[in-house]
Amino acid sequence: MTAATTAWATVVLVTLVAAVALVALVRQRDRVLHDLARTDPLTGLGNRRALHELAEPLLARGGRPGLLLLDLDGFKDVNDTLGHAAGDDVLVQVAGVLRATAGDAAVVTRLGGDEFAVLVAEPGSDAELEVAAKRVLAGLSIGGFHAGVVPLDVQGSIGIAVAGPDGHTLGELLQRADVAMYAAKRSRAGVLRYDAASDPHSAGGLELLGQLRTAMEQDQLVLHYQPKVSGDGARLLGFEALVRWQHPTRGLLQPADFLPVVERTHLIHALTRWVLLSALRQAAAWRTAGLHTTMAVNVSAVSLDPGLLGIVEEALALTRWDPADLVLEITETAIVQDPAGARATVAKLRERGVRIAVDDFGAGSTSLVHLRGLAVHELKIDRQFVAELVTHPQDDAIVSALIALAHRLGLVVVAEGVETVAAADRLCALGCDELQGFFFARPLPAAQAVAWARAEGLTTPSVEVLTAGR
Ligand code: C2E
Ligand code: CA
Ligand code: CA
């Protein structure tokens, strides 16, 4: 071999080695880019694209994966009140809980914001998915979350969709898990499996919505009235109207059976209008007959917009009802979802002289922040604290603090879900202004509500006349 040939061979070898190294580098770079494109930089979990690439082949092969969709409750408040860095901190901790609790066979991804998806490739049964979902929520509630040094309570809601019965593409599964998640959040069930009947986009949901239009025209909707009594139980102060649907084939439907569907469409405004008008007509009729009470009507979060003012105005005018005797109950969640919008609407209603109650108080997360500067009159303590008031010293402490706080803020306090004499006595001792619950009466049809008031001796003489002969 000549020197020239040796040199040439060396050059070829070096070039080859360099080329191989370059290819390896390019491959590595591609792998990194590939991973980066499929990884959520904040939590290190897979992202939406990763979920697609995992799920689509499974679905194409006819697999039956299950999808859990988790959305944190009240996470917006963490961002709003503690800042985005704190929010990020919490998301990283939540990702850790998900990794630890979702199970070995599950792949956890973050879809964006505070939304996480867990894909279980081959669930043994639907029950297995529910168990996994509950394990995740239990992991969250064990807590130990913090943003910087601030300890935080993080809760979430999970919707479950299963390939096959609930959808055939990842898009369908995500959409249906989202519907179930929303229903779980609204009903505070924690975990819910997708149910076509309560999905406004499904055939069952669409059918229900179509029927609701006629239901309102044909008086299939009915209001039941639950009394509110004074703290000592001696006086009837008012009624709360609660809607039911006497469905022609499905029997008497409770709000939970149809409100979640209605609230996702503009029909909710028609429902709010129907309830408000019907309740005030009833109250006005009672008043004419001598029964003087206030009337409370629930307003869904989605109805709490400027359009509500017109609806209220119309109902007041048609029934000549005194706005001071109308209470609109809005949930704490409604305020949390849109603090500025809620505040503006509440302020206008207040100017008009209508009373405002914050319903389910204590059920949300950062209530006090939003309550500040919101011109409300009443606070209804969520029934979860009232239910075991007597047996759980912690609930007793919370309720007595809430009553004291509300009074300091000049608000009337109502306890809902009073089921026992012991709870009623304790609430009276704590200075609670108004009580409501099965212990006094369940929500009753109008005639029975008056009969109840009469039997309890909580009425004026003219009510005796009203109910005479029944
Ligand atoms: P809410 O406003 O918190 O109403 C109280 C619910 O608790 C009612 O359920 C009532 O029947 C129940 N309840 C009352 N006392 C007790 C008790 O002592 N123990 C227990 N365990 N439960 C008690 P309901 O009628 O099924 O209504 C559920 C929810 O549906 C209401 O919660 C309210 O948020 C919504 N809702 C009801 N009617 C309407 C309406 O006309 N419009 C709107 N937007 N929402 C409504
Ligand atoms: Ca209420
Ligand atoms: Ca309530």
Side-chain angles (χ1 to χ4, degrees), residues 183 185-189 198 212 215-216 221-229 233 238-245 252-280 282-283 294-305 307-308 311-312 315 326-335 355-364 367 376 378-390 402 413-424 427 434-445 448-449 452:
K185 204 176 269 265
R186 199 196 167 280
S187 64
R188 289 190 247 146
S198 50
L212 184 72
M216 278 188 274
L221 293 187
V222 280
L223 291 179
H224 284 187
Y225 298 91
Q226 190 179 33
K228 290 180 181 172
V229 301
F239 285 100
E240 174 180 1
L242 294 155
V243 71
R244 275 95 181 92
W245 180 355
L252 188 69
L253 300 182
Q254 299 298 315
D257 301 324
F258 60 94
L259 270 185
V261 188
V262 182
E263 284 179 343
R264 302 200 87 179
T265 72
H266 67 274
L267 261 187
I268 185 64
H269 302 299
L271 184 115
T272 303
R273 180 170 175 275
W274 185 92
V275 172
L276 199 60
L277 253 176
S278 309
L280 290 190
Q282 181 61 69
T294 59
M295 182 57 75
V297 168
N298 293 282
V299 176
S300 300
V302 277
S303 265
L304 197 66
D305 63 7
L308 179 64
I311 295 177
V312 169
L326 168 64
V327 184
L328 293 182
E329 299 194 359
I330 58 180
T331 60
E332 195 189 341
T333 353
I335 301 162
R355 289 179 72 81
I356 308 289
V358 178
D359 209 347
D360 304 344
F361 188 77
S367 37
V376 302
E378 280 178 28
L379 210 123
K380 293 189 82 173
I381 301 179
D382 193 67
R383 66 170 183 266
Q384 64 172 310
F385 301 113
V386 177
E388 288 170 80
L389 173 73
V390 183
L402 284 181
V413 194
V414 186
E416 58 179 16
V418 181
E419 293 186 354
T420 60
V421 63
L427 287 158
E434 298 183 20
L435 309 180
Q436 196 182 13
F438 293 172
F439 173 65
F440 299 101
R442 289 180 175 261
L444 298 165
Q448 286 179 35
W452 169 86

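FYI, the numbering just counts along the sequence from 1. Ligands are counted one by one from 1 in listed order, and the atoms in each one are counted from 1 as well.
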Next item on the list: From atom 43 (C) of ligand 1, work out which of V297, N298, V302, V275 has a heavy atom at the shortest distance.
Entry: N298
Next item on the list: Output yes when a protein non-hydrogen atom is found under 4.0 Å of atom 9 (O) of ligand 1, and no otherwise.
Entry: no
Check: Which protein non-hydrogen atom lies closest to atom 18 (O) of ligand 1, naming both residue and atom, and how far is it?
Finding: F438 N, 2.8 Å
Notebook entry, point to check: Should Q436 and P227 count as side-chain neighbours, where that means a heavy-atom distance under 4.5 Å?
Noted result: no
Note to self: Protein non-hydrogen atoms only, distance under 4.0 Å: does atom 32 (O) of ligand 1 have such a neighbour?
What the structure shows: no
Item checked: Beyond-backbone contact of L212 with V262, side-chain heavy atoms, under 4.5 angstrom -> yes
Notebook entry, point to check: Does Q436 come within less than 4.0 Å of ligand 1, judged by its heavy atoms?
Noted result: no
Check: Rounded to 10 degrees, what angle sits at the Ca ion (ligand 2) between E329 OE1 and E240 OE2?
Finding: 90°
Note to self: Taking side chain to side chain contact (heavy atoms under 4.5 Å, CB included) as the criterion, tell me which of V302, D305, L308 meets it with H269.
What the structure shows: D305
Next item on the list: Find out whether I381 and F361 are in side-chain contact, i.e. whether some heavy atom of one side chain is under 4.5 Å from a heavy atom of the other.
Entry: no
Margin query: Regarding E419 and R442, does a basic nitrogen lie under 4.0 Å from an acidic carboxylate oxygen?
Written below: no
Check: Quick one: nearest non-hydrogen protein atom to atom 20 (C) of ligand 1, plus distance?
Finding: E419 OE2, 3.2 Å
Checklist line | Q226 and ligand 1 - part of the residue with a heavy-atom distance under 4.0 Å | finding: side chain
Item checked: Best match, L221, V262, V243, L259: closest heavy atom to atom 36 (N) of ligand 1 -> L259
Next item on the list: Indicate yes or no: at least one non-hydrogen side-chain atom of L326 is less than 4.5 angstrom from one of L276.
Entry: yes
Checklist line | ligand 1 atoms in contact with E416 (distance to a heavy atom under 4.0 Å) | finding: 3 (O)
Note to self: A side-chain contact here means heavy atoms from C-beta on lying under 4.5 Å apart; do T420 and F439 qualify?
What the structure shows: no
Notebook entry, point to check: With the Ca ion (ligand 3) at the apex, how many degrees lie between OE2 of E416 and OD1 of D360, rounded to 10 degrees?
Noted result: 90°
Checklist line | For the student: nearest non-hydrogen atoms of S278 and Y225, plus distance | finding: O-OH, 4.0 Å
Next item on the list: Considering just N/O/S atoms, say which atom of D359 is closest to the Ca ion (ligand 3).
Entry: OD1
Check: Where is the tightest heavy-atom contact between F440 and A424, given as atom of each residue plus distance?
Finding: CZ-CB, 4.0 Å
Note to self: Considering non-hydrogen atoms of the protein only, which is the closest contact for atom 34 (O) of ligand 1, and what is the distance?
What the structure shows: R186 NH2, 4.3 Å
Next item on the list: Determine, using heavy atoms of P443 and all atoms of ligand 1, whether some pair is separated by less than 4.0 Å.
Entry: yes
Notebook entry, point to check: Measuring from the heavy atoms of R244, does anything fall under 4.0 Å of ligand 1?
Noted result: yes
Margin query: Quick check: closest heavy atoms across M295 and A283, and the distance to 0.1 Å?
Written below: CE-CB, 3.8 Å
Next item on the list: State the atoms of ligand 1, each with its element, that fall below the 4.0 Å cut-off from a heavy-atom position in G437.
Entry: 15 (N), 18 (O)
Next item on the list: State, yes or no, whether a side-chain contact exists between V275 and L221 at a heavy-atom distance under 4.5 Å.
Entry: no
Check: What residue and atom, counting heavy atoms only, is the protein's closest point to atom 44 (N) of ligand 1, and at what distance?
Finding: S300 OG, 2.7 Å
Item checked: Enumerated ligand 1 atoms positioned under 4.0 Å from heavy atoms of D360 -> 3 (O)
Note to self: Applying a heavy-atom cut-off of 4.0 Å, say which part of R383 lies close to ligand 1: side chain, backbone, both or neither.
What the structure shows: side chain
Next item on the list: Quick one: look up the protein heavy atom nearest atom 28 (C) of ligand 1 and list residue, atom name and how far away it is.
Entry: P255 CG, 4.1 Å
Check: Where is the nearest protein heavy atom to atom 4 (O) of ligand 1: which residue, which atom, and how far?
Finding: L242 CD2, 3.6 Å
Next item on the list: Using a 4.5 Å cut-off on heavy atoms from C-beta on, say whether the side chain of V297 contacts that of V327.
Entry: no
Notebook entry, point to check: Which one holds for I268 and ligand 1: side chain close, backbone close, both close, or neither close, with close meaning a heavy atom under 4.0 Å?
Noted result: neither
Notebook entry, point to check: Mind checking whether the Ca ion (ligand 2) has an N, O or S of N298 under 3.0 Å?
Noted result: yes
Margin query: Does only the side chain of D359 get under 4.0 Å from ligand 1, or the backbone, or both, or neither? Count heavy atoms.
Written below: side chain
Checklist line | Ligand-side contact atoms (ligand 1) for residue partner E240, heavy atom cut-off under 4.0 Å | finding: 2 (O), 4 (O)
Check: Do you know which two heavy atoms are closest between I268 and S300, and how far apart they sit?
Finding: CD1-OG, 3.6 Å
Item checked: Sidechain N-carboxylate O distance under 4.0 Å for K380, E240 -> yes
Next item on the list: Could you tell me whether R355 and E378 have a side-chain N and a carboxylate O separated by less than 4.0 Å?
Entry: yes
